[in-house]
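I have placed the structure first, in the form of structure tokens, so that the comments after it can refer back to it.
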There are 2 protein chains.
Amino acid sequence: MPRKKEKDPTIADVARAAGVAGMTVSRVLNGGKYVSADVDKRVRSAIVRLGYHPNEAARVLRGQAPRTIGLIVPNLADPFFSVCAHAAQQMAMQQGYATLLLACEADLNEEDRALALLRSRNAATGVLIFPSRLDSAQQLKDMQARGVPVVTLDRTIPGLDAGEVMVENAEGALKAVNHLIMHGHKRIVCVGYDSQFNSISQRMDGYRRAMADAGLKPQMLIAENGAEVPKIVLKRLRAGDVPTALFSLNNVTTTQVLHLLQRENLRVPDQIAVVGFDDFDLGELLAVPLTAVRQPAAELGRSGTRLLLEMIRMGSTGMEGTGARIVLPTELIVRRSCGCVAPPRIAGTK
Amino acid sequence: MPRKKEKDPTIADVARAAGVAGMTVSRVLNGGKYVSADVDKRVRSAIVRLGYHPNEAARVLRGQAPRTIGLIVPNLADPFFSVCAHAAQQMAMQQGYATLLLACEADLNEEDRALALLRSRNAATGVLIFPSRLDSAQQLKDMQARGVPVVTLDRTIPGLDAGEVMVENAEGALKAVNHLIMHGHKRIVCVGYDSQFNSISQRMDGYRRAMADAGLKPQMLIAENGAEVPKIVLKRLRAGDVPTALFSLNNVTTTQVLHLLQRENLRVPDQIAVVGFDDFDLGELLAVPLTAVRQPAAELGRSGTRLLLEMIRMGSTGMEGTGARIVLPTELIVRRSCGCVAPPRIAGTK
DNA sequence: CTGAAAGCGCTTACAG
DNA sequence: CTGAAAGCGCTTACAG
């Protein structure tokens, strides 16, 4: 049975082993400049021999920025977020940064707690966040004021001057709704929730624009939250003037809608066509292969990390009006739920 | 424009504001014992007034265990892992622990790097890991030797005495294959990859047992990795003695198989039945609703964190032969791909 | 119940 | 090119 704790070698141990002063070891560890080749070699070999690793806590206490970013995600169980998070984390690790993950459920107060935890520990050099509360602005501004850059992902916080990575929401929605219009639909209802996020409202704008351009009347169905979607859709279906097509604002809504239509025995797309914003891995394998707007989820994560690390390097907090803004393209993946028969793939999708 | 960095108040600032010594502030911060009510109040109000937060780095340097666990996941883009990770992180945060996330792709060396990062930073008080390399044993033993408990999730590392959370793999597979046998299938092929993991080999055992009990000949189809699955299945389908049913060992395999069968225009379940280990959120909405063994993914994550935190509290590293072992039940969700017509739900599923 | 002081492991002016 | 020493913000014996 091994001992409970084995003490780590310190710089002093290495110094002793190499026959130099601690400060010289530190020099080798960092730049390595102004050190004679001979000493450098002796120190390095001692480091290896003793299995020395610098103590992060001491470094941070001394004022070094921890090579750690905070990643705040509403719900890691949602594939859109988890794909982003995975890509973001990968990119960070590649650059030598660790990722402190904070998943904070829809539950209203958890984002605050997550932010507070990050703040109080002083643990992150930068923050990557899918904001799920628009009123987190103050907490984030505090972080920025302490020199911690912030990048918002997929959504933006009003009044917060931060780095941003968005997706072409309006354009994607426009393409989707135009496609439905092209199929001859006139009563197209737009359904979703979370319209307080600008990602969602941008999609709504795209929908409205497409409808207006075609001289059609927009009809919004906005639920309180994902769980309420079936209820309001069902009510709408039972009212007169039944829609012939649905445009769904995100993946949760799409799933709910599909389940509902299946329960109600409504044939898609014959009785009602469906196009969603957000694609599924299994889109192709669904009872009715889903036509959907695909977002570059992984690229969103990667771009976010890249932008954040750049801001860290530049010493920019994102609050000096320079806030870089990245907008990623979306793509309409045409399958069957829109009414198309042979699935004609758009662009070079495999 | 706010200043770049605002300095944080320290214990000394609080002490001054409260008119006491630093040590007293520290006492209030920790236990709070042996402090007069009056002083306690003065100190607390000063803390609030100044917005004081203890400096984690200093605490850690002083020898306190960081309230942080490391979570090592092969691929966060896989819903099984992301659901676990989410639940694990939630549970950790609830207990005041932060989660350092390390997602390390199938890419062979990343798990090593992830572990090295954790080790070198001394950043985690405990490690939760879905091992993706069986040879990480040494690194993990090192961590244990330094007093950091380890809990393995979903799989086990040979020769490592750690906390473990597993799932009833053999039992689940047995139920699944028995169900196919009940449908009259005789040529049931078991397909998958990653058979070096005991989770997978336990599923294979369950399959073999079911086949043996029915006097049937087991037939294994084990690919190098997920991407190779379609190739070997296709080859098998084109050989003589075509299987009438497939038992798939995990979700990636199931997806691949389903795509392949669709491309080949093989009707499920008429021409070939399919049952998978691992359920999908969208299982119900698939062209052929999938019959699958459901694993309690979220519970796996939660149990893992719970066990790990307990080990941390007990000062157990898991290497003293005490290593707690939790095994979670699985459930067969019967839908249509097995050949059942009206979907008779097993047990109390909604 | 309260405090003065040492020390955790680093880095960094400051000298030489 | 190299080193002695201070100090980052805490906690902890040790006194009183």
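Below, chains carry the letters A, B, ... as their sequence lines are ordered, and counting in each starts from 1.
Nearest heavy atom pair, residue B/Pro74 against residue B/Phe130, reads CD-CB, 3.5 Å. In terms of heavy atoms, B/Glu164 sits closest to B/Val151 at N-CG1, 4.4 Å. Across A/Ile69 and A/Ala124, no two heavy atoms sit closer than the pair C-CB, 4.0 Å.
Whole-Å rounding puts the A/Asp38 CG to D/dT2 C1' distance at 13 Å. Here D/dG3 presents its C1' atom at 8 Å from CZ of A/Arg27, a figure rounded to the nearest Å. A/Glu56 places its CD atom 15 Å from the P atom of C/dG9, with the value rounded to the nearest Å. Distance B/Gln64 CD to D/dC10 P: 12 Å, rounded to the nearest Å. Atom P of nucleotide C/dT2 and atom NZ of B/Lys41 are separated by 14 Å, given to the nearest angstrom.
Taken residue by residue, residues 11-20 of chain A places heavy atoms nearer than 4.0 Å to DNA chain C at A/Ile11. Near DNA chain D, meaning a heavy atom under 4.0 Å from it, residues 45-54 of chain B has B/Tyr52, B/His53, B/Pro54 in order of number.
When each of B/Asn55 and A/Val39 is assigned the nucleotide of DNA chain D with its nearest heavy atom, A/Val39 is the one assigned upstream, toward the 5' end.
Between A/Thr125 and A/Arg67, every side-chain heavy-atom pair lies at or beyond the 4.5 Å cut-off. Between B/Thr99 and A/Leu100, the closest side-chain pair of non-hydrogen atoms is not below 4.5 Å. Looking only at side-chain heavy atoms (C-beta outward), A/Gln95 and A/Arg313 come within less than 4.5 Å of each other. The side-chain heavy atoms of A/Asp154 and A/Val165, taken from C-beta on, include no pair separated by under 4.5 Å.
Which of D/dT12, C/dC10, D/dT2 sits closest to the side chain of A/Ala58 comes down to C/dC10. Of the candidates D/dG3, D/dT12, D/dT2, D/dG3 carries the atom nearest the A/Met23 side chain, counting heavy atoms from C-beta on. The side chain of B/Leu61 lies closest to D/dG9 when the candidates are D/dG9, C/dA13, C/dC1. Of the listed nucleotides (D/dC10, C/dC1, C/dG3), D/dC10 has the atom at the smallest distance from the side chain of B/Arg59.
Nucleic acid contact class of A/Ala21 (heavy atoms, under 4.0 Å, all strands): sugar-phosphate only.
Taking only side-chain nitrogens and oxygens, A/Thr24 never comes nearer than 4.0 Å to OP1 or OP2 of D/dC1. Phosphate proximity of D/dT12 to B/Ser26: absent, as no side-chain N or O sits under 4.0 Å from OP1 or OP2.
Once rounded to the nearest 0.5 Å, the distance linking SG of B/Cys104 with CG of B/Leu115 reads 8.0 Å. Once rounded to the nearest 0.5 Å, the distance linking CG of A/Leu134 with CG of A/Leu160 reads 10.5 Å.
Paired regions of DNA chain D, where each region holds three or more successive Watson-Crick or G-U pairs whose two hydrogen-bonding distances fall under 3.5 Å, are C:1-3 with D:14-16, C:5-12 with D:5-12, C:14-16 with D:1-3.
Side-chain contact annotation: A/Gln196 with A/Arg155, donor-acceptor N/O pair under 3.5 Å absent.
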Next item on the list: Would you please test B/Asp38 and B/Arg42 for salt bridge (Lys or Arg N to Asp or Glu O under 4.0 Å) and show each step?
Entry: CA-CA 6 Å; B/Asp38 170 50; B/Arg42 259 160 47 218; 2.9 Å; yes
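Not a single donor-acceptor pair under 3.5 Å links the side chain of A/Thr156 to the backbone N or O of A/Thr152.
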